[in-house]
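Just so you know, residue 1 is the first one in the sequence shown, and it goes up from there. Since we're looking at a predicted model, the values are computed, not measured.
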Amino acid sequence: MSQLIRTSPILFLIFIISATIFHSSLADIGPAAHYSPPYLPTACFGNDQSQFPTDNMFAAAGEGLWDNGASCGRSYLVKCISASSTTICDTSKTIQVKIVDRAQTSVSKPSANGAIIVLSDVAFSQFTNSPASVVNVEFRQV
């Protein structure tokens, strides 16, 4: 690296600036759906509803997050980034949810199939302005 600095300080500066500007994101992107009561966390906690966050900010993991059950209890920051209409997402809000179930086996069915994360109705309504069955979200584990 010192050879690079000696031979081309401008090239090194360009490298540093581009690495700063074009850093890779720590978040993933995918579809999010929602589901309604009854909420019974059978896949994660065997019907123990005391595992639900008291603010109802929870979700069921889609197959991409399920990780053979390792996702149970994980928390994610989730942000709505797009939907079928530009007025659906409130892109200024980011919510935090806890995984309490598996979407594929949950008692309540998701509003759309194939979602990476299925949010409780309460969580879903925190960053959507009108009804939708699915939105695109950015999410990352915290």
Side-chain angles (χ1 to χ4, degrees), residues 1-5 8-142:
M1 190 162 191
S2 61
Q3 182 63 28
L4 176 65
I5 294 170
S8 181
I10 301 232
L11 205 64
F12 181 72
L13 182 61
I14 290 171
F15 171 77
I16 296 297
I17 291 171
S18 65
T20 304
I21 293 173
F22 301 110
H23 68 280
S24 61
S25 174
L26 299 175
D28 290 311
I29 296 174
H34 59 92
Y35 67 140
S36 303
Y39 302 119
L40 300 171
T42 56
C44 287
F45 307 113
N47 289 331
D48 181 3
Q49 292 187 357
S50 69
Q51 297 297 316
F52 287 128
T54 56
D55 60 3
N56 290 320
M57 299 295 285
F58 57 84
E63 293 309 292
L65 284 182
W66 179 242
D67 195 16
N68 292 321
S71 64
C72 291
R74 289 180 184 164
S75 291
Y76 287 88
L77 292 177
V78 185
K79 180 179 181 177
C80 190
I81 56 172
S82 68
S84 59
S85 169
T86 57
T87 60
I88 292 174
C89 285
D90 182 346
T91 58
S92 69
K93 293 184 180 174
T94 300
I95 62 171
Q96 184 170 335
V97 295
K98 177 182 175 182
I99 300 297
V100 298
D101 206 356
R102 183 181 187 186
Q104 185 175 359
T105 60
S106 67
V107 173
S108 296
K109 295 303 168 202
S111 60
N113 292 326
I116 194 82
I117 192 166
V118 180
L119 305 165
S120 69
D121 284 342
V122 170
F124 194 82
S125 69
Q126 295 298 305
F127 60 36
T128 56
N129 296 315
S130 63
S133 59
V134 66
V135 295
N136 295 311
V137 295
E138 180 180 84
F139 61 96
R140 70 178 172 90
Q141 186 179 345
V142 290

Checklist entry - Which residue pairs satisfy the side-chain hydrogen bond (donor to acceptor under 3.5 Å, both in side chains) criterion with at least one member in residues 106-118, sequence neighbours excluded? => result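 Output for this query is empty, none listed.
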Item to check | Pair listing, side-chain hydrogen bond (donor to acceptor under 3.5 Å, both in side chains) test, anchored in residues 60-72, at least two apart | outcome: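 Of all non-adjacent pairs touching residues 60-72, those that pass side-chain hydrogen bond (donor to acceptor under 3.5 Å, both in side chains) are Glu63-Arg102, Asp67-Arg74.
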Item to check | Worked verdict on Ile117 versus Ile99 for side-chain contact (heavy atoms from CB on, under 4.5 Å) | outcome: CA-CA 9 Å; Ile117 192 166; Ile99 300 297; 4.1 Å; yes
Checklist outcome for this item: Paired with Ile88, the side-chain contact (heavy atoms from CB on, under 4.5 Å) test is passed by just one of Val134, Val135, Asn129, namely Val135
Checklist entry - Considering residues at least two apart in sequence or located in another chain, which fulfil the side-chain hydrogen bond (donor to acceptor under 3.5 Å, both in side chains) criterion with Ser85? => result Thr87
Item to check | Residues which pass side-chain hydrogen bond (donor to acceptor under 3.5 Å, both in side chains) with Ser50, listed by chain and number, not counting sequence neighbours | outcome: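 For Ser50, the residues satisfying side-chain hydrogen bond (donor to acceptor under 3.5 Å, both in side chains) (neighbours in sequence not counted) are Asp48.
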Summary of ring-ring contact (aromatic ring centres under 6.0 Å, His included) pairs that have at least one residue in [range], sequence neighbours excluded:
range	result
residues 67-109	none
residues 95-119	none
residues 117-142	His34-Phe124

Next on the checklist: For Ala27 versus Glu138, what's the shortest heavy-atom pair and its separation?
Outcome noted: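 So the two residues come closest at CB-CG, 3.4 Å.
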Checklist entry - Counting only N and O atoms by type, is there a donor-acceptor contact under 3.5 Å from the side chain of Gln51 to the main-chain atoms of Gly46? => result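 Checked: no pair found.
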Next on the checklist: For Ser125, give me all partners under side-chain contact (heavy atoms from CB on, under 4.5 Å), at least two apart in sequence or on another chain.
Outcome noted: none
Item to check | Counterpart residues, side-chain contact (heavy atoms from CB on, under 4.5 Å), relative to Val107 (two or more places apart) | outcome: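 Applying side-chain contact (heavy atoms from CB on, under 4.5 Å) to Val107 gives Pro38, Leu40.
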Checklist entry - Which pairs, with at least one residue in residues 30-60 and sequence neighbours excluded, count as a disulfide bond (SG atoms under 2.5 Å apart)? => result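 Sorted result for residues 30-60: Cys44-Cys72.
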Checklist entry - Can you name the residues that form a salt bridge (charged side-chain N to carboxylate O under 4.0 Å, His left out) with Asp121, not counting sequence neighbours? => result none
Item to check | Side-chain heavy-atom pair Ser120, Met57 within 4.5 angstrom cut-off | outcome: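 When only atoms from C-beta onward are counted, Met57 and Ser120 do not touch, as no gap falls below 4.5 Å.
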Item to check | Pairs meeting criterion salt bridge (charged side-chain N to carboxylate O under 4.0 Å, His left out) with involvement of residues 85-94, two or more places apart | outcome: Asp90-Lys93
